[in-house]
Asks: 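What follows is a structure written as structure tokens; I'll ask about it next.
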2 protein chains.
Amino acid sequence: MLKLNTAQNRTPGFDGKRLHLLESAARVFSRTGYDGASMRRIAAEAQVSPAGIYNYVAGKEELLYWIQYHTFDSLLRSLNRSLEGVSDPRVRLATAVRNHVRHFGENMHELKVCARELETLEGEAYDAVHERRRSYFEAFHNLVKGLQPEQGHQPDSWIATANLFGMINWFYQWYDAGRSRMSLDDLAAQQTALFLDGYFASTSNGDDGGNE
Amino acid sequence: MLKLNTAQNRTPGFDGKRLHLLESAARVFSRTGYDGASMRRIAAEAQVSPAGIYNYVAGKEELLYWIQYHTFDSLLRSLNRSLEGVSDPRVRLATAVRNHVRHFGENMHELKVCARELETLEGEAYDAVHERRRSYFEAFHNLVKGLQPEQGHQPDSWIATANLFGMINWFYQWYDAGRSRMSLDDLAAQQTALFLDGYFASTSNGDDGGNE
DNA sequence: GAGGCGTACGAACGAACGTTCGTACGTAAG
DNA sequence: CTTACGTACGAACGTTCGTTCGTACGCCTC
């Protein structure tokens, strides 16, 4: 199961075409869901014949796998990059949330697929994506734990992180990038403030809650 | 489209059997998604023949419709019931969250379907469910707005409510009722405290943030 | 017993699914 | 020019889908 399309003799432009195919698939998946999306529709979206898809991926399953793996991997990568040189715990968390929300806004289709089809893959493919996802969550969990260096043990930090993930993942359900008057950065700041200081403090202050 | 199974001469037990069918369908939908669920599997889960389903509903679409409509409707009903006689704004919000989380825990399948298949239905069916969903959200929005009676206008209360919904809706992704050491009520209290006072205040206090 | 109706199911329908096969075209190496 | 190979597609495969049809059984009313 899940025989990946291994490296072989390729034509220049192969990678670019496969990337284009993955983007098209992500669009269709985000619109109709994984099961509701047909290879024929994906092919039409990518302007290829249905059979032509199989020159670039081994099957429908691998399309979803690459989309999810690439998304979590690049999320994690850009997170680590944006955290470089930032030391204040509150600012670090704010940076992470901003990175997440920006990534969401710019790759709405991919992340929608990642949020909705978490349990679709099975076996090795699921495990591989799960590992990246877990790493990303752990990164956030560490940021949350880092908020309180004075306390040795914080039993609820895991659940607090899970709730934070709820806020920053659920917003794809209601946020419309083109139509909203609020920018992605403003939204991220508000979510950070809400998590750190709660609704009262984050709204009675004019700013985002005091992160430097 | 969406011709509902109108009231006709029924046998006693008809409603009970249909309810049982809806519960079976909700289980299958929550396991494999709407598109991934086949009528044959739903029939097997309900211990009926595939053709027998059509004695109780007009089709697959109506199964999802009834599940979603009934879920939001009973959520809204139990919310209003549990708010009776509660006046303190913070306690009202805590009550609403507790009601939501309890309902989630007791009807995991149905609410999972409601969270994941929000955009599956179309036309009149979607509109009917959407109206119930909107009413439920508005109820929460009013509770949030009620937290600050002294301020006339709170522009971000809508977004804050949406973020609160993120917390209390996303937890089906990680909460395992049977395996978690935290009760549903404790979780609800923690989520309320997190929303009201933020991570610092809600965890440095030992209690749930001061409700009652 | 005869008739009507609600309920149940096996069989079958056309449609759509993911995927494979055979073939054709274009290009780079021999 | 010939050969080899990556790329592309139309056609077709077997399977599964949601749904319908015809029929049979059980129960109530005459």
Side-chain angles (χ1 to χ4, degrees), chain A residues 1-22 24-26 28-29 31-67 117 120-123 125, chain B residues 1-22 24-26 28-29 31-67 117 120-123 125:
Chain A
M1 196 171 289
L2 184 73
K3 20 174 192 173
L4 290 183
N5 210 334
T6 55
Q8 51 190 1
N9 291 343
R10 301 169 182 167
T11 271
F14 181 94
D15 289 338
K17 288 189 178 181
R18 179 156 82 171
L19 196 65
H20 171 248
L21 179 62
L22 290 178
S24 303
V28 178
F29 284 160
R31 234 184 285 137
T32 64
Y34 175 79
D35 280 303
S38 71
M39 295 298 271
R40 286 165 177 84
R41 197 190 288 268
I42 294 172
E45 180 89 11
Q47 311 214 56
V48 197
S49 77
I53 295 182
Y54 293 84
N55 288 325
Y56 297 96
V57 291
K60 189 182 182 184
E61 218 183 342
E62 194 179 316
L63 279 175
L64 180 60
Y65 168 76
W66 280 119
I67 291 170
E117 310 287 350
T120 302
L121 290 175
E122 299 173 348
Chain B
M1 195 172 290
L2 184 75
K3 19 174 192 174
L4 291 182
N5 211 334
T6 55
Q8 50 190 359
N9 293 342
R10 300 168 184 167
T11 272
F14 181 94
D15 291 338
K17 289 188 178 181
R18 179 155 84 170
L19 197 64
H20 171 251
L21 179 61
L22 291 178
S24 303
V28 179
F29 285 160
R31 235 183 286 139
T32 64
Y34 175 79
D35 280 301
S38 71
M39 296 297 272
R40 287 165 176 83
R41 195 189 290 269
I42 294 171
E45 178 90 13
Q47 309 212 60
V48 197
S49 76
I53 294 181
Y54 294 84
N55 287 326
Y56 297 94
V57 291
K60 190 181 180 185
E61 217 183 342
E62 193 179 318
L63 280 174
L64 180 59
Y65 169 76
W66 280 120
I67 291 170
E117 311 287 352
T120 303
L121 290 173
E122 298 173 349

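None of the values given here were measured: they were computed from a predicted structure. Convention: sequence-line order gives letters A, B, ...; per-chain numbering from 1.
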Asks: Looking at every heavy atom in both A:A46 and A:L21, which two are closest together, and how far apart are they?
Replies: CB-CD1, 3.9 Å
Asks: Start with the C-alpha distance between A:E62 and A:Y56, add both sets of side-chain angles, then the distance that settles side chain to side chain contact (heavy atoms under 4.5 Å, CB included), and finish with yes or no.
Replies: CA-CA 10 Å; A:E62 194 179 316; A:Y56 297 96; over 6 Å; no
Asks: Let me know the distance between CG of B:N55 and C1' of C:dC9, rounded to the nearest Å.
Replies: 10 Å
Asks: Tell me which nucleotide among C:dA8, C:dC9, D:dA8 gets nearest to the side chain of B:K17.
Replies: C:dA8
Asks: Under 3.5 Å between N/O atoms: give me all the protein pairs with nucleotides 12-18 of chain D, atom names plus distance.
Replies:
{"from": "D:dG18", "atom 1": "OP1", "to": "B:A37", "atom 2": "O", "distance (Å)": "2.9"}
{"from": "D:dG18", "atom 1": "OP1", "to": "B:K60", "atom 2": "NZ", "distance (Å)": "2.8"}
{"from": "D:dG18", "atom 1": "OP2", "to": "B:M39", "atom 2": "N", "distance (Å)": "2.8"}
{"from": "D:dG18", "atom 1": "N7", "to": "B:R40", "atom 2": "NH1", "distance (Å)": "2.8"}
{"from": "D:dG18", "atom 1": "O6", "to": "B:R40", "atom 2": "NH2", "distance (Å)": "2.8"}

Asks: When you look at A:V48 and A:I42, which way does the side chain to side chain contact (heavy atoms under 4.5 Å, CB included) test go after all the steps?
Replies: CA-CA 8 Å; A:V48 197; A:I42 294 172; over 6 Å; no
Asks: Nearest heavy-atom pair of B:N55 and B:F14: which atoms, and what distance?
Replies: O-CE1, 3.7 Å
Asks: Check the surroundings of atom CZ in B:R41: do more than 12 heavy atoms from other residues, nucleotides or ligands lie under 6.0 Å from it?
Replies: no
Asks: Any side-chain to backbone donor/acceptor pair from B:K60 onto B:A37? Under 3.5 Å, distance only.
Replies: yes
Asks: Between D:dC5 atom C1' and A:F14 atom CZ, what is the distance in whole Å?
Replies: 14 Å
Asks: What is the separation between atom CG on A:D15 and atom C1' on D:dG6, rounded to the nearest whole Å?
Replies: 14 Å
Asks: For B:Y56 and C:dG6, give me the distance from atom OH to atom P, rounded to whole Å.
Replies: 13 Å
